[in-house]
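Encoded as structure tokens, the structure appears first; notes follow it.
Read the numbers this way: they start at 1 and go in the same order the structure lists the ligands and their atoms. Residue indices begin at 1 and follow the sequence shown. Side chains included, hydrogens not; waters and symmetry mates left out as well; all remaining heavy atoms used. Fair warning: this is a prediction, and the values are worked out from it, not measured in the lab.
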Amino acid sequence: MSDPEESTPGGIEAAQPRRPDDSARRYTILVVDDEAAILESLELTLEDDYRVLCAGTGAEGLEILEREDVALIIADQVMPVMTGVEFLERAIERNPRAIRMMLTGYADIGSLVRAINEGRIYRYIPKPWEPEELRLNVKRALEAYELTHENAELAAALSDANERLSRENLYLRREVERRYSFDQLLGEGPAMQRVFELLEKVAQTDATVLIAGETGTGKDLAARAIHYAGSRAKARFLAQNCGALPETLLESELFGHKRGAFTGAHADKKGLFEVCDSGTIFLDEVGEMTPGMQVRLLRVLQDSEVRPLGSADTRKVDVRIMAATNRDLRKEVAEGRFREDLYYRLRVVEITLPPLRERREDIPLLAQHFLDVANQRIGRELKGFTQAAMERLVAHSWGGNVRELENELERVVALAGERDTVSADMLSDEIRGQTEAAAAIGAPPVDWHLSRSVDALKAHMILAALRETGSKSQAAQRLGIPRQSLQKMMKRLGLSDADVEPENSD
Ligand SMILES: Nc1ncnc2c1ncn2[C@@H]1O[C@H](COP(=O)(O)OP(=O)(O)OP(=O)(O)O)[C@@H](O)[C@H]1O
Ligand SMILES: [Mg+2]
């Protein structure tokens, strides 16, 4: 009994039909030779196992390379017009991954070396060749091709994974740095005390929270505080600025996408809602969302499921949603820019952070805190503020709120040199120079809220009178009001005698 796998003795190839193997035939081989007979015989040797394309000149070969996905190129060395070496060199530009082999009729060592060096040739085949040997060589070459192909894919996958890991690390590091508790949110005055009470209450629930407030009032900080004080604290807190990305990218960032959903979507991607699993998503600048995104977000809030871009399936998600805005969303709703139904879904609980100018009583505490932080960071030892400096900090309108105060102190400390106390001359021009009185008389007021501006002006005048006269009775006299009224006014405005510059008071 003969083994069916064994080849027929005598090696009569034609008598044994070769079974075209579909897995091998997926490879395309390009053969280039100016002699038709050689092309034909190469084709005959290889066509059962591979798809063979023939070219009679280098130029024709290059043309084929432009449009075909070729795995292996076999070129004759000696051809008129474009030599084999020249052709293979140019082939590299068109298809760098294809394996290159050279047919050589005679062993001219010099041109062979050049061919191997410059054409970066995998192997050369001497003419005439043994069909079996040629097949074996081609098979090996294609195994090498397959390997480099796999390697390239693995390398791409690896670099993808690395990138994801480093992003993950960055995220973790940032979160560790930012693990906030309520005591990172400072505020002694009644306005912030009310905010703290509310934050504590909502932290114990899973309600959707809308945090409103001007820029720099601490919305971010408040959202993190709620997350880390609540039952989802062990899961992630992921923030996404909704104003930072065009619609499609924001949608893909939040809900994910299927490969090919849009140009540049090379692979499936999970959205933040899925990644966040049982954590909190913080949608910053939610007022910037386009109408289309508003509809999609509404669906998530209603059904707790997301549908990745380009996908037909939805996925359940378990995520707490918080949103922030520095726009007046109610007004946006009234003016038709923000969906009313979404607004009500988002503001199950609404927390408004008051602007700093409405809680000036917190300024000394915040200023001292940011001074300490900046001292630490920059390596200085500034101890505190002169009364005049603090007075100006308290009187400033702080359009950028707490962030502006923080930046101001960072700047002051950085430029402090050898000074050990912050005095008024170290403050920025607009803080040092701007008095509410000047604003009231000259330029339009920074803050159009009348009673607020009047209060600021009163505080400024009272402190100036106290500093100049050195006593409350004289200050009251100068201001043209009874001493008791001055005292009441100071109490209401949160001013104390200590607010007067020591060198000017007695
Ligand atoms: N009550 C506070 N106590 C201490 N630091 C605060 C307080 N509020 C804000 N900050 C600090 O001020 C800066 C701005 O705060 P945050 O980023 O939370 O403001 P925001 O309201 O989110 O601003 P934006 O609208 O510009 O995004 C941060 O560095 C934050 O640590
Ligand atoms: Mg913010």
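Which parts of ligand 1 touch Glu406 is read off a 4.0 Å heavy-atom cut-off, strictly below it: atoms 11 (C), 12 (O), 13 (C), 28 (C), 29 (O). Shown in contact with Phe370 at under 4.0 Å from a heavy atom are these atoms of ligand 1, numbered in order with element: 5 (N).
Using 4.0 Å as the threshold, Asn401 has no heavy atom nearer than that to any atom of ligand 1. Taking 4.0 Å as the cut-off, Gln184 counts as a neighbour of ligand 1 on heavy-atom distance.
Classification of Glu214 and Arg357 as a salt-bridged pair holds, one side-chain N sitting under 4.0 Å from a carboxylate O. Glu361 has no carboxylate O lying under 4.0 Å from a charged side-chain N of Arg359, or vice versa, which leaves the two without a salt bridge. Look at Asp420 and Arg380 and you find no salt bridge, because none of the NZ, NE, NH1 or NH2 atoms lies under 4.0 Å from a carboxylate O. Look at Asp268 and Lys258 and you find a salt bridge, because one of the NZ, NE, NH1 or NH2 atoms lies within 4.0 Å of a carboxylate O, short of that distance.
Residues Ser428 and Arg411 bring a donor and an acceptor atom of their side chains to less than 3.5 Å of each other. In summary, the side chains of Arg419 and Ser423 do present a donor paired with an acceptor at a separation below 3.5 Å, with no hydrogens or angles considered.
Taking distance alone, with nitrogen or oxygen atoms compared against 3.5 Å, Leu221 approaches ligand 1 more closely than that limit. Checking only distances, Gly216 does come within under 3.5 Å of ligand 1, N or O to N or O. Between Arg403 and ligand 1, a contact under 3.5 Å exists for at least one N or O pair. The distance criterion of under 3.5 Å between nitrogen or oxygen atoms is met by Asp220 with respect to ligand 1. Between Gly218 and ligand 1, an N or O atom pair is found at a separation short of 3.5 Å.
Two residues are said to be in side-chain contact when any heavy atoms from C-beta on lie closer than 4.5 Å; Ile226 and Ile351 meet this criterion. Counting heavy atoms from C-beta on, the side chains of Glu408 and Ile431 come closer than 4.5 Å.
Applying the ring pair (Phe, Tyr, Trp, His ring centres under 6.0 Å) criterion to Phe370, with sequence neighbours excluded, gives no partner residue.
Among Thr215, Leu185, Asn326, the residue whose heavy atom sits closest to atom 26 (O) of ligand 1 is Thr215. Considering Leu186, Asp284, Thr217 only, the shortest heavy-atom separation from atom 1 (N) of ligand 1 involves Leu186.
With a heavy-atom cut-off of 4.0 Å, Leu366 touches ligand 1 through its side chain alone. In Phe282, neither the side chain nor the backbone holds a heavy atom less than 4.0 Å from any atom of ligand 1.
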